[in-house]
Amino acid sequence: MPSNDVRTLLQTAVPTAAVGAVAAAISGAVAGGKGVLGAVVATLVVILFMGIGLVVLQRTARSLPHLFQAMGLMLYTAQLLLLFIFVAAFKNTEVFNPKAFAITLVATTLAWIGAQARAHMKAKILYVEPDSDKGDKPKNSGSST
């Protein structure tokens, strides 16, 4: 994984984990141990889903740049649907507090999206390919001096 990709992943995962830790502390105070467990599981699910999506999206941008925007829209839609399915599947669970799980899932997802937008805006992304170092000089269409 190139260093820019790792930097983007860290700039999104760390704030998301911080929001998850705050949510776990609040859930622990409100719902006890089951609340903490629900918040931790939700945080891990978001970091896992969104992290995999970020890696897939960055690989798509390199290999198939013409599909980048469509792939991004499809990927985010699929991620949100999967997160919704997780909330629906664990709605009546006894293992952890489902309300803490759902609220943390939403909060950490919003944190991830915000952090990813910030990381992308701060990234130094070239939008023009630099000249190669082969020594090729561009053809000049003007005068022949």
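Nothing fancy with the numbering, it's 1 onward along the sequence.
- Annotation: ring-ring contact (aromatic ring centres under 6.0 Å, His included) contacts involving residues 5-25, sequence neighbours excluded, are absent.
- Contact of the Val55 side chain with the Arg59 side chain is registered, since non-hydrogen atoms from C-beta on lie closer than 4.5 Å.
- Applying the side-chain hydrogen bond (donor to acceptor under 3.5 Å, both in side chains) criterion to Gln116, with sequence neighbours excluded, gives Tyr76, Trp112.
- Under a hydrophobic-cluster definition in which Ile, Leu, Val, Met, Phe, Trp and Tyr are linked whenever side-chain heavy atoms come within less than 4.5 Å, directly or via other members, Phe84 and Leu110 are assigned to different clusters.
- Each side chain to side chain donor-acceptor pair (under 3.5 Å) pair with one or both residues in residues 15-41, not counting sequence neighbours, would appear here, but there are none.
- Applying the ring-ring contact (aromatic ring centres under 6.0 Å, His included) definition to pairs two or more places apart or across chains, none involves residues 21-42.
- Every residue two or more places apart in sequence or in another chain that forms a side chain to side chain contact (heavy atoms under 4.5 Å, CB included) with Val45 is listed here: Val41, Phe49, Leu83, Phe86, Leu105.
- The hydrophobic cluster around Leu44 extends to Val36, Val40, counting ILVMFWY residues whose side-chain heavy atoms fall within less than 4.5 Å of a member.
- To the nearest 0.5 angstrom, Leu75 atom CG is 8.5 Å from Met50 atom CE.
- The side-chain heavy atoms of Gln58 and Leu9, taken from C-beta on, include no pair separated by under 4.5 Å.
- Applying the side chain to side chain contact (heavy atoms under 4.5 Å, CB included) rule to Val56 yields the partners Ile52, Thr60, Met71; only residues at least two apart in sequence or on another chain are considered.
- Other members of the cluster containing Ile103 do not exist, because no ILVMFWY side chain is joined to it at under 4.5 Å.
- Ala115 is linked by a side chain to side chain contact (heavy atoms under 4.5 Å, CB included) to Thr12, Pro15, counting only residues two or more places apart in sequence or in another chain.
- Here Val22 pairs with Ile26 under the side chain to side chain contact (heavy atoms under 4.5 Å, CB included) rule; sequence neighbours left out.
- Atom-to-atom distance recorded for Thr8:OG1 and Leu57:CG is 11.0 Å, nearest 0.5 angstrom.
- Grouping Ile, Leu, Val, Met, Phe, Trp and Tyr by side-chain contacts under 4.5 Å, direct or through others, puts Leu67 with Leu64.
- Scanning all heavy atoms of the two residues, the minimum distance from Ala111 to Val19 falls at CB-CG2, 3.6 Å.
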